[in-house]
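What's counted below: heavy atoms across the whole structure, side chains too, no hydrogens, waters or symmetry copies. Chain A is the first sequence line, chain B the second, and so forth, proteins listed ahead of strands; every chain is numbered from 1.
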2 protein chains.
Amino acid sequence: MPRPRRALLSRQRIVDAAAALVDAEGLDAVSIRRLAAELGVQGPSLYNHFATKDDILDAVADAVVATVDVSAFETCDWREALRRWGHSYRAALAAHPNIVPYLARGPGRRPGALAMADAVYGGLVRAGWPPARATHIGALMRYLVTGSALGSFAAGFAEDPAVYAEQYPHLSQAHLLAGHRHSVDSGAFDLGLDLLIDGLDRSKGN
Amino acid sequence: MPRPRRALLSRQRIVDAAAALVDAEGLDAVSIRRLAAELGVQGPSLYNHFATKDDILDAVADAVVATVDVSAFETCDWREALRRWGHSYRAALAAHPNIVPYLARGPGRRPGALAMADAVYGGLVRAGWPPARATHIGALMRYLVTGSALGSFAAGFAEDPAVYAEQYPHLSQAHLLAGHRHSVDSGAFDLGLDLLIDGLDRSKGN
DNA sequence: GCACCTAAACTAGCGGTGTAAGTTTTATGG
DNA sequence: CCATAAAACTTACACCGCTAGTTTAGGTGC
């Protein structure tokens, strides 16, 4: 099949299909040939629209980041804005967990990530934070969100109690963690967000 | 070459070579054949010692985690212990940044990670923290450390100011971040650790 | 001391990967 | 109306993780 009368592909269609495939079957399921097959096309055709496979995944990752809601920095107190942003940020990653390892890898210099950084930094500076401090706060939030979205802490423990009995005396209840996985992970995140915001609030007056 | 008079390989030698290769050239440089070549051997020979490539990388990751110093939980106040552990944990990952994306991916059920969890959880509970809270604190620290070790925040910004001028009004100074990369990243981590410990300290009395 | 079994290397090869090169046909701009 | 660019194609390369089967050295029981 030479050039068709109407284009079969577009950047948007490719990104959408890649995102769906990542969500459904994970990062490893995304190969050029497999993705092309989902689009009814041969593998190398994708290179007419993207230079490399990573460019495709970059676009998928950025699409996820672009869904984060930063509007609170326009309308709310900085405390409430940080809280809403943090929850929205984490929720966006949690909605597409399979792309998170990729997203966390490289620096996010794409439009969605930059727009988010712009809104957050601008909001914090407008609220009176010194630039250096605003940078640290933004970085810190990123650490917390990506760290929590990346690997479940609770899932790191086997469900078989026998694993711990012998060698790890304090982990005798650890096998229960996997069952409460979501509440443990979100509880830890909420704790971190609270400590962070309260601590900043207290330090601001000084 | 059939079986040699003296074994050429051992699990330890393979892990050491893999760690060196990861450190020197990154995760992508580690292929079975390449790693074997470093060891003066053909690729499939490695499968006499490890079942899969991931098993090798797991061992590398666990060796890094095993270097984290948790002794402070035996000798110090929980506040100081958390601080020392946090710094040691982050330093261990920062010393081998290329393995971090791999480490952050999967659950760490290997001996080094479990020993660390055991010491931390045991220390916090001994200090009087309720088990659920101790779990959250451990998880939170992991989020902070892996989040900060994983991707440099500062490196996410291009050094070319022109990138920002048009579209991102608040990021006009962002091109300077890459230059202060380390101080920005460690400053944000230190801020987070301080806020976390101070906040916990204040909440403990209640 | 010999037979046996396992260990640890090998070679060959399968199916899959990302991507480069070159081909063909269609759509479009000067 | 023709030249050019676009968008699909096919072919092919070098590499990937891993399996299977082979060969020989080392250690163990009779």
Is the distance from OP1 or OP2 of D:dA7 to the nearest side-chain N or O of A:Ser45 less than 4.0 Å? no

Quick one: does any side-chain atom of B:Thr135 pair with a main-chain N or O of B:Pro131 as donor and acceptor, under 3.5 Å? yes

Could you check how far CZ of B:Arg11 sits from P of C:dA9, rounded to whole Å? 14 Å

Donor-acceptor check, side chain of B:Asp62 to backbone of B:Gly112, threshold 3.5 angstrom: yes or no? yes

Within the side chain of B:Tyr102, is there an N or O that forms a donor-acceptor pair under 3.5 Å with the backbone of B:Asp54? yes

Main chain of A:Arg142, side chain of A:Thr146: is a donor-acceptor contact present, judged purely on distance under 3.5 Å? yes

Spell out protein contact along nucleotides 11-20 of chain D as letters: B when the base is contacted, S when just the sugar-phosphate is, - when no protein heavy atom is under 4.0 Å; keep the 5' to 3' order. BB---BBBB-

Look at B:His49 and C:dA7 and indicate whether a side-chain polar atom (N or O) is within less than 4.0 Å of OP1 or OP2. no

Please report the distance, rounded to the nearest Å, between CD in B:Gln42 and P in C:dA12. 10 Å

Sequence neighbours left out, what passes side chain to side chain contact (heavy atoms under 4.5 Å, CB included) with B:His182? Give chain and number order. none

For the pair made of CZ in B:Phe50 and P in C:dA9, what is the distance, rounded to whole Å? 13 Å

Do B:Arg83 and B:Asp194 sit within salt-bridge range, that is, some charged N less than 4.0 Å from a carboxylate O? yes

Is a donor-acceptor pair below 3.5 Å formed from side chain A:Asn48 to base D:dA8, judging by atom type as modelled? yes

